[in-house]
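Heads up, the thing below is written out as C-alpha cells.
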Amino acid sequence: QVQLVESGGGLVQAGGSLSLSCAASGKILAIVTIGWYRQAPGKQRELVAVMVSGGNRNYGDSVKGRFSISRDNARNTGYLQMNDLKPEDTAIYYCNIRGYYGDNGISKQFDSWGQGTQVSVSS
C-alpha cells in the first residue's frame, strides 16, 4: 500500500502565502497524477490543482494565477504553493496521488489520499 502524509497549512491573513506538501511512502514504482482538492464547511470537495506525469497542470478557476502545483519525483512528493490567499480559500485541503506500486515484478495501481490539512485565511 501507499500512504500519504500531508504537511503545511495553518492560519494566514488575506494576501499571504502558504505551502503544502504531500509525501508518498511505500514501494512506489511510478506516480501518474498528483492532485490537490479542498472542502469547505457545507460544500462539496472541489479540485484545486492536478499534475500528470507528463508535466501538464490544470487548476480550478478560482485559484488560477495564485496557486502552483509541483512535484519532486525523487522524493515522491507533491507540493502546492498558495499565494495571495483569500478568505474563500479557507478549507481542508487533501492531496491525492495515483500511480503504481509493488516489487518482485508485480505492479498494482494505487489511489491514495492524504489525511487533510486545514488552511484558514482571515480577512
Side-chain angles (χ1 to χ4, degrees):
Q1 288 288 2
V2 175
Q3 295 186 330
L4 307 184
V5 176
E6 296 184 38
S7 60
L11 175 63
V12 66
Q13 290 187 333
S17 298
L18 286 173
S19 180
L20 306 181
S21 65
C22 177
S25 63
K27 297 180 178 179
I28 299 168
L29 300 174
I31 290 177
V32 178
T33 65
I34 297 176
W36 289 93
Y37 296 78
R38 67 186 182 187
Q39 187 166 18
K43 294 187 177 181
Q44 291 186 334
R45 188 173 297 189
E46 65 173 352
L47 173 69
V48 176
V50 63
M51 183 175 183
V52 297
S53 58
N56 288 336
R57 298 169 173 86
N58 286 305
Y59 297 92
D61 289 340
S62 62
V63 307
K64 285 180 180 177
R66 300 187 297 123
F67 289 14
S68 177
I69 188 172
S70 62
R71 61 189 285 178
D72 183 336
N73 291 329
R75 298 183 177 183
N76 291 326
T77 300
Y79 304 94
L80 183 69
Q81 177 64 39
M82 305 181 290
N83 300 324
D84 189 24
L85 283 160
K86 303 176 181 181
E88 51 264 41
D89 294 319
T90 296
I92 298 176
Y93 284 68
Y94 299 89
C95 65
N96 170 252
I97 298 182
R98 301 175 181 180
Y100 296 89
Y101 76 102
D103 62 6
N104 296 326
I106 298 175
S107 174
K108 297 181 179 181
Q109 292 184 336
F110 73 89
D111 182 349
S112 299
W113 288 85
Q115 79 277 15
T117 186
Q118 178 71 48
V119 171
S120 299
V121 185
S122 63
S123 58

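For CD of Q3, the number of neighbouring non-hydrogen atoms (other residues, nucleotides, ligands) closer than 6.0 Å is 12 at most.
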Criterion salt bridge (charged side-chain N to carboxylate O under 4.0 Å, His left out) on D103 and K27, from CA distance to verdict: CA-CA 7 Å; D103 62 6; K27 297 180 178 179; 2.7 Å; yes
V52 and V32: CA distance, side-chain angles, deciding distance, side chain to side chain contact (heavy atoms under 4.5 Å, CB included) verdict: CA-CA 6 Å; V52 297; V32 178; 5.8 Å; no
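Here the side chain of Q81 pairs no donor or acceptor atom with the backbone of S68 at under 3.5 angstrom. Between the side chain of Q118 and the main chain of G9, no donor-acceptor pair closer than 3.5 Å is present. Judged by distance alone, the side chain of S112 and the main-chain N or O of V2 form a donor-acceptor pair under 3.5 Å. With hydrogens and angles ignored, the 3.5 Å screen pairs a side-chain donor or acceptor of E6 with a backbone N or O of C95. Here the side chain of R75 pairs no donor or acceptor atom with the backbone of N73 at under 3.5 angstrom. With hydrogens and angles disregarded, a donor-acceptor distance shorter than 3.5 Å links the side chain of T117 to the backbone of G8. Checked by atom type and distance alone, the side chain of D72 pairs as donor or acceptor with a backbone atom of A74 at under 3.5 Å. No side-chain donor-acceptor contact under 3.5 Å links S62 to the backbone of G60.
Scanning both residues, I106 and L29, for their nearest heavy atoms gives O-CD1, 4.2 Å. Across every non-hydrogen atom of A14 and S123, the tightest pair is CB-CA, 4.3 Å. Heavy-atom minimum distance, G78 versus W36: O-CZ2, 3.9 Å. Residue L4 comes nearest to G114 through the heavy atom pair CD1-N, 3.7 Å, listed as atom of the first residue, atom of the second, then distance. Nearest heavy-atom pair across F110 and A30 is CE2-O, 4.0 Å.
Y94 and Y79 sit in two unconnected hydrophobic clusters of ILVMFWY residues. Membership requires side-chain heavy atoms under 4.5 Å apart, directly or through other members. In the hydrophobic clustering of ILVMFWY residues, with side-chain heavy atoms under 4.5 Å counting as a link, I31 and V48 come out together. Both V119 and V12 are assigned to one and the same hydrophobic cluster, defined by single-linkage of ILVMFWY side chains at heavy-atom distances under 4.5 Å.
Using a 30° and 60° split on the angle between ring planes, W113 and Y37 fall in the tilted class, from 30° to 60°. F67 and Y93 have tilted rings, their planes meeting at an angle from 30° to 60° on a 0 to 90° scale.
Expressed to the nearest 0.5 Å, how far CG of L11 lies from OG of S120 amounts to 6.0 Å. Considering CG of N58 and CG of L47, their distance stands at 7.5 Å, rounded to 0.5 Å. Here the straight-line distance linking atom CG of L18 with atom CE of M82 works out to 4.5 Å at 0.5 Å rounding.
Looking at R71 and M51, their side chains come closer than 4.5 Å, going by heavy atoms from C-beta outward. Counting only heavy atoms from C-beta outward, the side chains of S53 and R98 never approach each other to under 4.5 Å. By the 4.5 Å heavy-atom criterion applied to side chains, V50 and I34 are not counted as neighbours. Between V63 and R38 there is a side-chain heavy-atom pair separated by less than 4.5 Å. Residues I69 and Y59 form a side-chain contact, since some pair of their non-hydrogen atoms from C-beta on lies under 4.5 Å apart. For the pair I97/N76, no side-chain contact is recorded, criterion being any heavy-atom separation below 4.5 Å from C-beta on.
A donor-acceptor contact closer than 3.5 angstrom links the side chains of S7 and S21. With hydrogens and angles left out, the side-chain atoms of N83 and S17 include a donor and acceptor closer than 3.5 Å.
A salt bridge is defined here as a Lys NZ or Arg NE, NH1 or NH2 lying under 4.0 Å from an Asp or Glu carboxylate O, and D89 with K86 fails to meet this definition.
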